[in-house]
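Only one structure is covered here, and it is reproduced in the block below.
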Protein chains: 2
Amino acid sequence: MGRVLDVTAGQPRADAAPEVGGRGVRMPRRERREQLLESALGVFVAQGYHAAAMDDIAERAGVSKPVLYQHFPGKLDLYLALLEVAADDVIANCRDALSSTQDNRTRVEAAMGVFYSYVADAAGAFRLVFESDLTSEPAVRAQVDRVTSECADLIAAVIANDTDLPQAEARLLAVSLVGMAQVSARFWLVEHGDDESGIGLEVASALVSGLAWRGIRGYPMHD
Amino acid sequence: MGRVLDVTAGQPRADAAPEVGGRGVRMPRRERREQLLESALGVFVAQGYHAAAMDDIAERAGVSKPVLYQHFPGKLDLYLALLEVAADDVIANCRDALSSTQDNRTRVEAAMGVFYSYVADAAGAFRLVFESDLTSEPAVRAQVDRVTSECADLIAAVIANDTDLPQAEARLLAVSLVGMAQVSARFWLVEHGDDESGIGLEVASALVSGLAWRGIRGYPMHD
DNA sequence: TGCGGATGCCGATCTTGACGTCCATGGGGT
DNA sequence: ACCCCATGGACGTCAAGATCGGCATCCGCA
């Protein structure tokens, strides 16, 4: 019976132009690994972990399955490699945004911009973090949670530094802000991402930043 | 090779006491269906869609697999039945919360409480909505998105009614509030849910409500 | 310049694991 | 006591992850 999960099938696959280094082309290991990661990212982003077949990834990369297995022990390892990079990326950007200024309002705007830019990125790596379909695997869960957790820690440190809120409460507020950012950014992408007539990235980010800042600014400053 | 996703394996399965109506017991169709749904919910919540086997569900319900297939055409249908109920549930509660008062601050608190109660519910149905591992299936995606979308619509209607914000912007703010609620509630559950020494549900909900209210209250009232 | 060996890649295959059905059976109704 | 039918253990099927024999390519050497 047709239980096929043939979701994003209709989209124009890049099969016709298999990046560089198509079928049967010798290539340095390092460069080939990069290409495999890139292809895998595309497939995982488009189809999710479960629906993505190793055949798909190999085909998109223009190689056969054995070569894929020469570079990665298994499907999970490949996925985790991508996920870890994607997680590190947004966390580092969040850290940079918070340390780029001393003004808290500007901090909020910069951090919000990080999430909106992340979501708007053409590669779509954010889907691995925010829309993973392998959360039952503990290693995946750890990476996904790490993003919210570490971003929240960075924000909570700022909050705890400027207010008299207990650490745990500052952390909960920080998580709330992160949640606001990631959920609203994802919805913005769905509704306005490709549409020039809708709300632009900058406008949306500024709007939600305003909400966040109005919420957080009122807490009692200490000293 | 051990690619087992044996996550929540250690927990005390209710196998010893297979609910009511164990092996080989005749039962009215309607009641049996209810029991199958209940068992399926437990398995899907504990293991996720992919790791959950139909055998597991049948075994937990104390019936054999053919009986399961007499009530549901397939695994996906079973999952969707549960998901739809879980989605309707939180949406209805959100609607009730917003219509339970005319005071917007109280509305925020009530709506926030809905999400925290939902997440704290022992059955764990919220995992189907907020942590589904079948988002590549369009029907699932539709239900999951429906929760955020419809809750946000309800909130956006209130916002648009009381301010001069354009519809689209009110909606984006509403989505932000929903995101704040669901992400913070889930993190609260992980960090403080089973821990009496941490932040209690009421305290956490009130804290995040405060953040939300401070954020949203400042927007210019119309008329 | 022509040939032999080695290297490494591709097509075809195997295996596993889980969804979705078939033959014996046992209890209930008349 | 006998027939009927729901039930359950056993099974087929299939998709997808993970591997093996041919073969083309490239390099070194006479």
Side-chain angles (χ1 to χ4, degrees), chain A residues 1-7 9 15 18 20-33 35-36 39-40 43-44 46-81 133-134 136-137 140, chain B residues 1-7 9 15 18 21-33 35-36 39-40 43-44 46-81 133-134 136-137:
Chain A
M1 190 67 79
R3 179 97 345 113
V4 269
L5 309 184
D6 208 3
V7 193
D15 275 357
V20 289
R23 207 66 159 197
V25 171
R26 296 289 177 89
M27 199 181 295
R29 276 189 80 82
R30 199 50 171 270
E31 192 176 344
R32 167 145 289 180
R33 184 189 156 92
Q35 197 211 338
L36 290 177
S39 301
V43 175
F44 282 135
Q47 311 198 237
Y49 179 83
H50 294 286
M54 292 297 264
D55 303 88
D56 298 342
I57 296 169
E59 188 184 1
R60 180 188 261 240
V63 300
S64 71
K65 238 188 321 182
V67 274
L68 195 51
Y69 281 93
Q70 284 169 2
H71 288 262
F72 301 94
K75 190 182 181 184
L76 180 60
D77 307 85
L78 180 52
Y79 188 76
L80 281 174
D133 59 343
L134 195 63
S136 51
E137 173 64 33
V140 172
Chain B
M1 189 66 77
R3 178 99 346 113
V4 269
L5 309 184
D6 209 3
V7 194
D15 276 359
R23 208 66 158 197
V25 172
R26 297 288 177 89
M27 199 182 294
R29 277 190 76 83
R30 199 48 172 272
E31 193 176 342
R32 168 145 290 181
R33 185 189 156 91
Q35 197 211 339
L36 291 177
S39 301
V43 174
F44 281 134
Q47 311 198 237
Y49 179 83
H50 289 104
M54 292 298 263
D55 303 272
D56 297 343
I57 296 169
E59 188 184 0
R60 180 187 259 239
V63 300
S64 72
K65 229 176 348 169
V67 212
L68 195 52
Y69 280 93
Q70 284 169 3
H71 288 262
F72 301 95
K75 189 181 181 183
L76 180 61
D77 307 85
L78 179 51
Y79 188 77
L80 281 174
D133 61 341
L134 195 63
S136 51
E137 174 65 33

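Please read all numbers here as calculations on a predicted model, not as lab measurements. Numbers restart at 1 for each chain; the letters A, B, ... are given by sequence-line order, proteins then strands.
The interatomic distance linking A:His50 (NE2) with D:dG17 (C1') rounds to 14 Å, in whole Å. Rounded to an integer number of Å, the gap from NZ of A:Lys75 to P of D:dA15 is 15 Å. B:Tyr69 places its OH atom 16 Å from the P atom of D:dG8, with the value rounded to the nearest Å. Rounded to an integer number of Å, the gap from A:Leu68 CG to C:dG11 P is 14 Å. In this structure, A:Ile57 atom CD1 and D:dA16 atom P are separated by 12 Å, rounded to whole Å. When rounded to the nearest whole Å, the span between CE of A:Met54 and C1' of D:dT19 equals 12 Å. The distance from atom CD of B:Glu59 to atom C1' of D:dT7 is 16 Å, rounded to the nearest whole Å. Here C:dG11 presents its C1' atom at 12 Å from CG of A:Asp55, a figure rounded to the nearest Å.
Taken to the nearest 0.5 Å, the CG atom of A:Leu134 stands 5.0 Å off from the NE2 atom of A:His50. Here the OH-CD distance, from B:Tyr79 to B:Glu137, works out to 10.5 Å after rounding to the nearest 0.5 Å.
Within the 3.5 Å criterion, the main-chain N or O of A:Ala61 finds a donor-acceptor partner in the side chain of A:Gln35.
Candidate nucleotides C:dC10, C:dC19, C:dT21 were compared by shortest atom distance to the side chain of B:Pro66, and C:dT21 ranks first. Among the nucleotides C:dC19, C:dC9, D:dT7, the one closest to the side chain of A:Val67 is C:dC9. Checking C:dC10, D:dG17, C:dC19 against the side-chain heavy atoms of A:Val63 singles out C:dC10 as nearest.
Side-chain N/O atoms of A:Gln70 include one lying less than 4.0 angstrom from OP1 or OP2 on C:dC9.
B:Val67 is listed as a side-chain neighbour of B:Gln70, based on a closest heavy-atom distance under 4.5 Å.
Each of A:Ala52 and B:Lys65 has a nearest nucleotide on DNA chain D; the 5'-most of these lies closest to B:Lys65.
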